[in-house]
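Encoded as structure tokens, the structure appears first; notes follow it.
When reading the values below, keep in mind they use all heavy atoms of this one structure, side chains included, and skip hydrogens, waters and symmetry mates. Labels below follow one simple rule: chain letters A, B, ... track the order of the sequence lines, proteins then strands, and each chain is numbered from 1.
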Amino acid sequence: MHETSVTTRELTRRFGRFVAVDRVSIEVGSGEIFGFLGANGAGKTTLIRVLCGLLKPTTGEATVAGYDVYTQSERIKQNIGYMSQRFSLYEDLTVAENIEFYGGIYGLARTKLRQKEKEILKNFGLHRHADSLTAGLPFGFKQRLALGCAMLHEPPILFLDEPTSGVDPRARREFWDTIHETAGRGTTVLVTTHFMEEAEYCNRVLIMHVGRIIALDTPDALKSRFEKRTMQEVFLELVGKEIGETRTRGQHGEQGEKP
Amino acid sequence: MRRIVHMTQKEFRQVFRDKPMVAIIFAVPIVQLFILAFAITTEVKHTKLMVVDYDRSTVSKDLVLAFVHTDRFDLAGHTTDLREVREGMRGWEVQMGLVIPAGFGADLVRGLKPQVQVVSDGVDGNSSGIATGYAHGILAGFGADYAAVQDSGAPPAGLSSVRMEERMWYNPDLSSQQFMVPGIVVVLLTILPMMLSAMSLVKEKEIGTMEQLSVTPLRKHQLLAGKLIPFLFLSYVELAIVTTVAVLIFRIPMNGSYMLLALLALLYLFATLGLGIFISTITRSQQQAMFVAWFFMVFMIMMSGFFIPIENMPPVLQKLTHLNTMRYFMSIIRDIFQKGSSLPFLLRDVVPLAAFGLTIFSVSVLAFRKRVG
Ligand SMILES: Nc1ncnc2c1ncn2[C@@H]1O[C@H](COP(=O)(O)OP(=O)(O)OP(=O)(O)O)[C@@H](O)[C@H]1O
Ligand SMILES: [Mg+2]
């Protein structure tokens, strides 16, 4: 974790008078798995959207892959992969067509695209579904496809917004295996989650509460600082209310995302 | 460039995978063409005529024959009681009564000015007006013919000695199909590109894929080009189909150049595709987009001279029609079909069409934002 791939300084984003992200300063090194924890409305999605160039910051500074979010968002887009909280691939295209489309948009050469397509279908257990319409896939498979499409162009930085919400525990493990593998190849992964045990898989976690950072450290350091055995307890101590496992979701994991 | 190709390919896949959509694109226009062409007609034919003949002379019989020999009037019956005409109208069996007074034949022979009475069912004011006009023509013709047969020298007093010969140029039969069908082409080239492009852009916003696209290096112009090329293509396919049906089935004479038609259609498509983009920028859901598109369309059609001749509108509305791109293309397409006009004769409409088309298109493209927040 030598170079930094994402930095923010006093980054703030308001919606009207409401402050969704409040003076957040972080530095994420390359190859790091950086987790965002926080209750609903803590501002995790907003922060990620600002870093991806989907929202302009209100004040503060941020660079992604060394590029400035205010002025160089087109350069940033070449260097990131983004998996949004809400499933957003084309349901009326088949799995293979989705991969081909996004590969084409990212400018992958034909042979490279074929190779990547095979790889994704194999690694994510999707080969049987290659020609099925995406709409008909079980949710877990959809999420894997979304992750695959976000990583098609082998971006140095990956933003994953609740990739495992609504996914069964076994599939969740596989998801994290993939994330670790990818990070092992030097990719920086910024990931939000509601599952406290997933926080343990991160190199460092940022705990957010109503837009602010309330803690930022490695899971071990956090646990020893608060003298707790699990991240769940750390979080409870800090935020004072229980989320995570008690937060059950529908099969589709969709929650009314605010427009 | 390859990005545009991928975008276009994806768009085509989505359109053709949506079977109801395919039906809407290809079947509905033809159905519309048939319904509109047959149902919307400003001609009045087969008006049901009841004759009240108090004269019963050979002259009055000739007069009735003069009416029923045309396909504009059908004889619904003879009577000697005017009340039967009223009864007939109540029962929708009679639309017009022709009352020939006693002594009509004798008066005409003597060169007096005999009068007949025409009573018309005014419920459908438009049709009854037109039918009354036909009746006028027949009566005038009959009077003149009669005078010519009776008299070898000077025409008798009271009947006009000047006869008008009517010739309708460009549409000799005054067939309303000839007028309406090209207009329908315009309507279709409005609905399809405007509706489809607006819906497909808004759909991406609605399902969240626009956000996904926004984090890719896909540029705005690539996104829009990839979106619009399929609809441009489909619009031309539609134009070809509808024109073929119009010419082969409706026998609409196409007197102008197909090349010119295709070329000027492009200008109009810029406007309608541009409106589609614009609608997508002001709406959030496909439903909203559909609603707004309908609103635009109704306004455009009403103000285009398609149904309501622009000359018949109040002056304020007439001025307002100058803001309507469809107005220009409507008149261009009718000119090309019916008069075979070439470009120099169309410039009056082509210049504003081009100006509106390119302005609407560029403003909409500028207003369009890939960024969601
Ligand atoms: N476009 C917007 N306009 C107004 N308010 C917004 C907008 N987007 C988000 N917010 C508000 O900002 C706050 C933070 O939202 P955000 O989606 O970032 O939270 P989150 O931590 O991702 O929560 P969740 O766990 O529910 O995904 C919320 O209170 C939300 O209502
Ligand atoms: Mg969120």
Side-chain angles (χ1 to χ4, degrees), chain A residues 13 15 20 45-46 48-58 64 73-94 97-98 100-110 113 133-135 146 149-150 152-153 155 157-159 161 254 257-259, chain B residues 1-22 24 196 199-227 229-230 280-289 369-373:
Chain A
R13 168 70 203 206
F15 294 110
T45 298
T46 307
I48 285 191
R49 285 164 57 95
V50 170
L51 294 175
C52 289
L54 288 167
L55 289 173
K56 284 265 182 241
T58 311
V64 174
S73 56
E74 290 305 321
R75 303 297 289 274
I76 291 176
K77 285 171 192 174
Q78 306 275 0
N79 289 284
I80 60 169
Y82 170 59
M83 183 175 160
S84 100
Q85 180 167 358
R86 175 178 162 199
F87 179 74
S88 49
L89 297 181
Y90 296 96
E91 305 239 348
D92 50 357
L93 294 185
T94 66
E97 284 166 350
N98 263 305
E100 279 160 32
F101 172 68
Y102 280 103
I105 293 303
Y106 277 111
L108 263 57
R110 202 171 304 263
L113 183 54
L133 284 188
T134 310
C149 285
L152 258 178
H153 55 301
I157 303 172
L158 257 183
F159 292 95
D161 198 356
E254 274 159 351
E257 182 166 336
K258 302 93 200 165
Chain B
M1 195 54 216
R2 271 195 58 216
R3 295 208 169 109
I4 299 181
V5 174
H6 275 99
M7 194 72 205
T8 307
Q9 184 187 28
K10 172 218 124 200
E11 210 60 38
F12 269 123
R13 275 183 175 148
Q14 287 184 304
V15 170
F16 285 105
R17 194 148 292 163
D18 193 350
K19 295 283 178 273
M21 190 62 113
V22 176
I24 287 172
L196 290 191
M199 301 275 282
S200 116
L201 282 166
V202 166
K203 186 177 173 197
E204 302 249 2
K205 276 208 261 182
E206 209 176 40
I207 64 178
T209 44
M210 189 65 87
E211 176 170 309
Q212 195 67 47
L213 289 179
S214 299
V215 296
T216 70
L218 183 73
R219 308 300 293 256
K220 181 167 104 174
H221 69 268
Q222 295 166 332
L223 168 69
L224 287 178
K227 277 272 173 201
I229 288 169
S280 82
T281 63
I282 57 171
T283 52
R284 286 177 174 285
S285 69
Q286 294 186 80
Q287 264 173 2
Q288 281 179 1
R369 290 271 168 279
K370 238 175 63 178
R371 192 182 283 265
V372 201

Fill in: Proximal component of A/F15, with respect to chain B [non-hydrogen, under 4.5 Å]
neither
Worksheet item: Do B/E211 side-chain atoms and B/G208 backbone N/O form a donor-acceptor pair below 3.5 Å?
Response: no
Worksheet item: A/I76 versus chain B, heavy atoms under 4.5 Å apart: side chain, backbone, both or neither?
Response: neither
Worksheet item: Sequence neighbours excluded, which residues qualify as side-chain contact (heavy atoms from CB on, under 4.5 Å) partners of B/P230?
Response: B/T8, B/E11, B/F12
Fill in: side-chain hydrogen bond (donor to acceptor under 3.5 Å, both in side chains) involving B/Q212 - partner list, sequence neighbours excluded
A/S88
Worksheet item: Using a cut-off of under 4.5 Å for heavy-atom pairs, which of B/R2, B/E204, B/R13, B/Q9 has the most such pairs with chain A?
Response: B/R13
Item to complete: Measure distances from A/T46 to the heavy atoms of chain B and classify the residue's part below 4.5 Å as side chain, backbone, both or neither.
Response: neither
Worksheet item: Which class fits the ring pair A/Y106 and A/H153: parallel under 30°, tilted 30 to 60°, perpendicular over 60°?
Response: parallel
Discussion item. With a 4.5 angstrom heavy-atom cut-off, is it the side chain or the backbone of A/L51 that approaches chain B, or both, or neither?
Written reply: neither
Discussion item. Donor-acceptor pair, distance only, cut-off 3.5 Å: does the side chain of B/R17 make one with the backbone of A/D92?
Written reply: yes
